[in-house]
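Notes follow once the structure below has been shown.
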Amino acid sequence: MIDTLGKVDGLPADQMDQARDALFHADNPFLIVLVGAFNTGKSSIVNALLGEAVLGVGPTPTTDRIIIMRQGPSVQRVASAEVDTVFHPSPLLERVSLVDTPGLESIFTGHDETTRRFLHRADIVLLVMLATQAMSQSNSEYLQALRTYGKRIILVVNQIDLLDSEERATLKNFVIQQGKAQLGAMPEVWMVSAKLAMQAAQKTPRDPALWDDSGFAQIESFITDALSDSARVRQKLETPLQ
């Protein structure tokens, strides 16, 4: 395609840039990108999936750069001009790369063009929100903005450990209805607790009941089972087209 486009007279430069970016994307691993407001637990979710505190977490914003988690023989962090790459031996990272991003507040106010460009390369976007602030006005606005990227979006509600079972069911139904209104289709919603998942992961062996109660069994199953080789390849090829 790039060879052919190069022969077109008067082709706008931005269209050629898009084609080159599509080629770049196709040569990189499957990307699941976590986005959300500051302090919603994006880094904590990544840590829980890996089973250890690899990324910094805290009450104040701790991620001001894009961080790509990739499979490697040992934990190692490599910084470049735009992104940091953290290698980790987790088997989960053999199938996908996880991407932690700065808070959406900085992205959609124009302060983080790097992250905006990176969202175009995302194969799946996880919009993370707190159970106490699920589908707030700002989250609804973020969802509308993310929709314009043409990505598959999964809504992740974190800190469900603060709710009882009835409150969880009520909240999930509310998020589904609000998400459907914003996306125009029934959204996929994951109710999770990064806190419970980390507690489960730090037990030896991992506590299966606690892991399941945290909602992370669903995430793990999605990555290892639902994202089969054919499903990942199909989405990988569709992403540049989208």
Side-chain angles (χ1 to χ4, degrees), residues 32-53 55-63 92 98 100-105 107-108 124-147 151-203 206-227:
I32 295 181
V33 179
L34 289 82
V35 300
F38 290 127
N39 203 31
T40 52
K42 301 185 296 294
S43 299
S44 295
I45 289 174
V46 173
N47 287 339
L49 285 170
L50 301 181
E52 62 176 311
L55 303 180
V57 298
T60 57
T62 55
T63 303
L92 203 68
L98 301 173
D100 193 11
T101 61
L104 283 177
E105 298 91 333
I107 297 172
F108 290 132
I124 293 178
V125 174
L126 304 186
L127 176 56
V128 182
M129 60 190 76
L130 295 177
T132 53
Q133 302 171 9
M135 294 312 297
S136 61
Q137 180 177 348
S138 58
N139 279 322
S140 296
E141 292 172 353
Y142 296 151
L143 190 55
Q144 290 178 4
L146 289 170
R147 183 183 180 184
K151 304 298 181 182
R152 178 179 178 183
I153 302 171
I154 298 175
L155 306 180
V156 182
V157 181
N158 189 26
Q159 293 189 353
I160 61 169
D161 51 285
L162 301 177
L163 310 175
D164 59 34
S165 58
E166 184 176 346
E167 290 172 331
R168 294 181 189 183
T170 300
L171 179 59
K172 183 175 183 178
N173 183 62
F174 173 75
V175 173
I176 289 174
Q177 295 305 315
Q178 293 296 310
K180 181 180 179 181
Q182 300 296 337
L183 295 174
M186 193 68 72
E188 189 165 359
V189 178
W190 293 344
M191 307 291 288
V192 306
S193 168
K195 177 182 178 181
L196 295 181
M198 183 58 84
Q199 290 176 1
Q202 291 181 335
K203 294 181 181 294
R206 186 175 72 184
D207 187 327
L210 190 57
W211 183 255
D212 188 60
D213 191 45
S214 73
F216 272 64
Q218 181 180 11
I219 301 178
E220 190 174 54
S221 175
F222 174 81
I223 294 174
T224 58
D225 300 329
L227 285 180

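Nearest heavy atom pair, residue Ala48 against residue Ala197, reads CB-CB, 3.7 Å. Residues Tyr142 and Ala37 approach most closely at CE1-CB, 4.3 Å, considering heavy atoms. Nearest heavy-atom pair, Gln133 versus Asn139, reported as atom, atom and distance to 0.1 Å: O-ND2, 3.1 Å. When all heavy atoms of Lys42 and Val35 are compared, the closest pair comes out as CD-C, 3.4 Å. Nearest heavy atoms, Leu49 versus Trp211: CA-CH2, 4.5 Å. Nearest heavy atom pair, residue Leu227 against residue Ile124, reads CD2-CD1, 4.1 Å.
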Could you give the side-chain donor-acceptor pairs of residues 170-181 under 3.5 Å, partners two or more places apart or in another chain?
unit_1, atom_1, unit_2, atom_2, d
Thr170, OG1, Glu166, O, 3.1

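Asp161 meets the side chain to side chain donor-acceptor pair (under 3.5 Å) test with Ser193; sequence neighbours excluded. Partners of Gln182 according to the side chain to side chain contact (heavy atoms under 4.5 Å, CB included) rule, which considers only residues two or more places apart in sequence or in another chain, are Met135, Ser140, Leu143, Gln144. The side chain to side chain contact (heavy atoms under 4.5 Å, CB included) check on Gln202 picks up Met198, with sequence neighbours excluded. Qualifying side chain to side chain donor-acceptor pair (under 3.5 Å) partners for Ser138, counting only residues two or more places apart in sequence or in other chains: Ser136. With sequence neighbours excluded, no residue forms a side chain to side chain contact (heavy atoms under 4.5 Å, CB included) with Ala169.
The salt bridge (charged side-chain N to carboxylate O under 4.0 Å, His left out) analysis of residues 209-226, with sequence neighbours excluded, yields the pairs Arg168-Asp213, Arg206-Glu220. Sequence neighbours left out, the pairs with a member in residues 186-199 that pass salt bridge (charged side-chain N to carboxylate O under 4.0 Å, His left out) are Arg152-Glu188.
Rounding to the nearest 0.5 Å places CG of Asp207 at 9.5 Å from CD of Gln199. Atom CG of residue Leu34 and atom CG of residue Asp100 lie 6.5 Å apart, to the nearest 0.5 angstrom. Within the model, atoms CG of Leu130 and CG of Leu162 stand 8.5 Å from one another, a figure rounded to the nearest 0.5 Å. If you take CG on Asn47 and CG on Leu55, they are separated by 5.0 Å, rounding to the nearest 0.5 Å. Atom-to-atom distance recorded for Asn158:CG and Ser44:OG is 7.0 Å, nearest 0.5 angstrom. Atoms CD1 and CG, from Ile219 and Leu126 in turn, are 7.0 Å apart once rounded to the nearest 0.5 Å.
No side-chain heavy atom of Ile154 sits less than 4.5 Å from a side-chain heavy atom of Val125. Using a 4.5 Å cut-off on side-chain heavy atoms (C-beta onward), Ile32 and Ile223 make contact. Ile45 has its side chain within reach of Phe216: a pair of non-hydrogen atoms, C-beta onward, lies under 4.5 Å apart.
Taking the centre of each ring, Phe222 and Trp190 come in below the 6.0 Å mark.
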